There are 2 protein chains.
Amino acid sequence: MTQPQTKYRSRCSIARTLDVLGDKWTLLVVRDLMWHGKHTFQELQASEEHIAANLLSERLKRLMALGLVAREAYQDRPVRYRYALTEEGRSLEALLLQIMGWGHAHLGGGLYDPQAGRTVADATPDGPL
Amino acid sequence: MTQPQTKYRSRCSIARTLDVLGDKWTLLVVRDLMWHGKHTFQELQASEEHIAANLLSERLKRLMALGLVAREAYQDRPVRYRYALTEEGRSLEALLLQIMGWGHAHLGGGLYDPQAGRTVADATPDGPL
DNA sequence: CGACTCACTTTCAAAATTAAAGTGACTATG
DNA sequence: CATAGTCACTTTAATTTTGAAAGTGAGTCG
């Protein structure tokens with residue numbers, strides 16, 4: 001679990017989850033760590049959606065503060081870090097799958113199969129008909 | 001389904017979903033429409049988290065544009081509207097439940113049982129230990 | 001030495017959020 | 001009939017967050 005570094009808006013679990021994950025970038029970082037083998041700052045930044053470096057930096061800090069992500073140096077001089085989900089972070093997989101399923105059904109996005117490790121259904125370029 | 005009024009950041013279903021629902025307020029509005037019997041502007045605004053009127057107004061417009069919410073006048077002179085989820089909007093229930101479950105387990109929020117129509121597990125005031 | 005890489009941080013303009021006040025169409029009260 | 005109140009917003013202005021770009025520091029490579 002996690003230290004309460006944030007004061008939550010309310011006692012509602014949904015509101016609390018949105019307080020910490022409710023923005024356009026955080027869950028994309030989690031997605032890349034979870035499924036796409038991206039673990040360095042550079043790899044995470046290079047994703048299709050092009051997160052700005054300052055935002056990636058800030059989001060990684062938040063995820064670490066929440067205990068969902070941990071980093072370890074994979075090299076000294078200069079020190080370079082590898083980011084990975086903690087066990088608690090991996091608990092977000094079901095949530096990610098649910099979001100993906102909804103987006104696929106309603107917004108025409110692609111479907112990634114974590115089992116197969118690849119996209120198994122195409123996205124429509126501009127969304128549904 | 002929905003007209004593509006937005007250009008999505010990518011073909012990823014998660015990114016697309018975050019493009020339309022990825023903020024701190026939209027899913028709280030959906031929560032209130034889905035489970036808490038709040039259907040007027042006033043009722044939605046009066047929720048615990050205190051959304052600002054201009055944001056509620058803008059979010060309702062977006063949800064209507066997406067086809068997830070519809071409104072009907074429940075009175076003329078002056079015309080007053082009642083907002084409700086469409087069938088497509090109701091498809092968000094599983095997502096809401098997943099978010100709630102995660103927030104309950106990891107952030108110490110309350111658990112609402114839609115079947116029972118009430119909160120069945122307490123929230124810890126400031127989050128988990 | 002000079003060029004390059006990686007992991008950031010800083011800067012600054014633009015966009016989003018917040019809180020408060022204002023508006024328009026009425027209804028109810030004195 | 002004038003005033004107060006309700007509801008559903010919109011407008012305004014201050015603050016915060018975001019986004020894009022440039023800069024920094026530690027080091028490697030040629």
Side-chain angles (χ1 to χ4, degrees), chain A residues 5-10 15-30 32-33 37-66 69-84, chain B residues 5-10 15-16 18-30 32-33 36-66 69-84:
Chain A
Q5 40 267 111
T6 320
K7 278 281 147 279
Y8 299 116
R9 278 180 293 179
S10 78
R16 287 183 180 203
T17 302
L18 294 175
D19 279 342
V20 301
L21 305 174
D23 66 74
K24 298 201 187 306
W25 292 109
T26 304
L27 287 175
L28 293 185
V29 174
V30 174
D32 287 342
L33 292 170
K38 303 188 177 187
H39 293 285
T40 63
F41 194 93
Q42 185 181 219
E43 287 167 348
L44 290 166
Q45 214 195 329
S47 280
E48 202 186 350
E49 294 89 3
H50 304 298
I51 187 173
N54 55 344
L55 292 188
L56 176 56
S57 177
E58 193 267 331
R59 293 303 192 275
L60 286 169
K61 277 175 193 162
R62 272 233 316 262
L63 287 166
M64 289 190 286
L66 286 162
V69 165
R71 71 177 184 185
E72 54 166 300
Y74 67 90
Q75 142 185 330
D76 286 345
R77 316 181 43 260
V79 59
R80 296 280 157 79
Y81 298 104
R82 174 180 310 288
Y83 296 88
Chain B
Q5 40 270 112
T6 319
K7 278 283 148 278
Y8 299 116
R9 279 180 293 181
S10 78
R16 287 184 180 202
L18 295 175
D19 279 341
V20 302
L21 305 174
D23 67 74
K24 297 199 187 310
W25 293 109
T26 304
L27 288 176
L28 293 185
V29 173
V30 174
D32 287 342
L33 292 171
H36 299 311
K38 302 188 178 186
H39 293 284
T40 63
F41 195 95
Q42 184 180 219
E43 286 167 349
L44 290 165
Q45 213 195 331
S47 280
E48 202 184 351
E49 293 88 4
H50 303 298
I51 187 172
N54 55 345
L55 291 190
L56 176 57
S57 176
E58 193 268 330
R59 292 302 192 276
L60 286 169
K61 277 175 193 161
R62 272 234 313 265
L63 287 166
M64 288 190 286
L66 286 162
V69 165
R71 70 177 185 186
E72 52 166 300
Y74 68 90
Q75 143 186 328
D76 286 345
R77 316 184 37 263
V79 59
R80 297 280 157 79
Y81 298 103
R82 174 181 312 288
Y83 296 88

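Please read these numbers as outputs of a predicted model, since none were measured by experiment. Note that these values count all heavy atoms, side chains included, but never hydrogens, waters or copies made by symmetry. Chain identifiers are assigned alphabetically (A, B, ...) following the order of the sequence lines, protein sequences preceding nucleic acid strands; residue numbering begins at 1 within each chain.
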For Ser57(B) and dT10(D), is the shortest distance between a side-chain N/O and OP1 or OP2 below 4.0 Å?
-> yes
Within less than 4.0 Å of OP1 or OP2 of dC8(C), is there a side-chain N or O belonging to Tyr83(A)?
-> yes
Taking atom P of dT18(D) as reference, at what distance in whole Å does atom CD of Glu49(A) sit?
-> 16 Å
Is there a donor on the side chain of Asp23(A) or the base of dT17(D) sitting less than 3.5 Å from an acceptor on the other?
-> no
Within the structure, does a side-chain N or O atom of Arg71(A) lie under 4.0 Å from either OP1 or OP2 of dC8(C)?
-> yes
Counting side-chain heavy atoms from C-beta on, which of dC6(C), dT9(C), dT17(C) comes nearest to Leu55(B)?
-> dT17(C)
Leu56(A) atom CG is separated from dG19(D) atom C1', nearest whole Å, by 13 Å
Grab the CZ-P distance between Arg82(A) and dC8(C) for me, whole Å please.
-> 13 Å
Of all the nucleotides listed (dT10(D), dA20(D), dC7(D)), which has the minimum atom distance to the side chain of Ala52(A)?
-> dA20(D)
With respect to the side chain of Asn54(B), which nucleotide from dT9(C), dC26(C), dT18(C) is positioned closest?
-> dT18(C)
Can you tell me the distance, in whole Å, between the CD atom of Glu58(B) and the P atom of dT18(C)?
-> 12 Å
Just to confirm, is there a sub-4.0 Å distance from OP1 or OP2 of dT17(D) to any side-chain nitrogen or oxygen of Trp25(A)?
-> no
Base, sugar-phosphate, or nothing for Arg59(A), non-hydrogen atoms under 4.0 angstrom?
-> sugar-phosphate
OP1 or OP2 of dT10(D) less than 4.0 angstrom from a side-chain nitrogen or oxygen of Lys61(B), does that happen here?
-> yes
According to a strict under-4.0 Å criterion, is Tyr74(B) in side-chain N/O contact with OP1 or OP2 of dC7(D)?
-> no
DNA chain D nearest-nucleotide lookup for Asp76(A) and Lys24(A): closer to the 5′ end is Lys24(A)
How close or far is atom P of dC7(D) from atom CG of Leu60(B), stated in whole angstroms?
-> 17 Å
Scan the side chains in residues 73-82 of chain A for donor-acceptor partners under 3.5 Å anywhere in the protein, sequence neighbours excluded, and list what turns up.
unit_1   : atom_1 : unit_2   : atom_2 : d
Gln75(A) : NE2    : Pro78(A) : O      : 3.0

Taking the side chain of Arg80(B) as its heavy atoms from C-beta onward, which of dA7(C), dA8(D), dT11(D) lies nearest to it?
-> dA8(D)
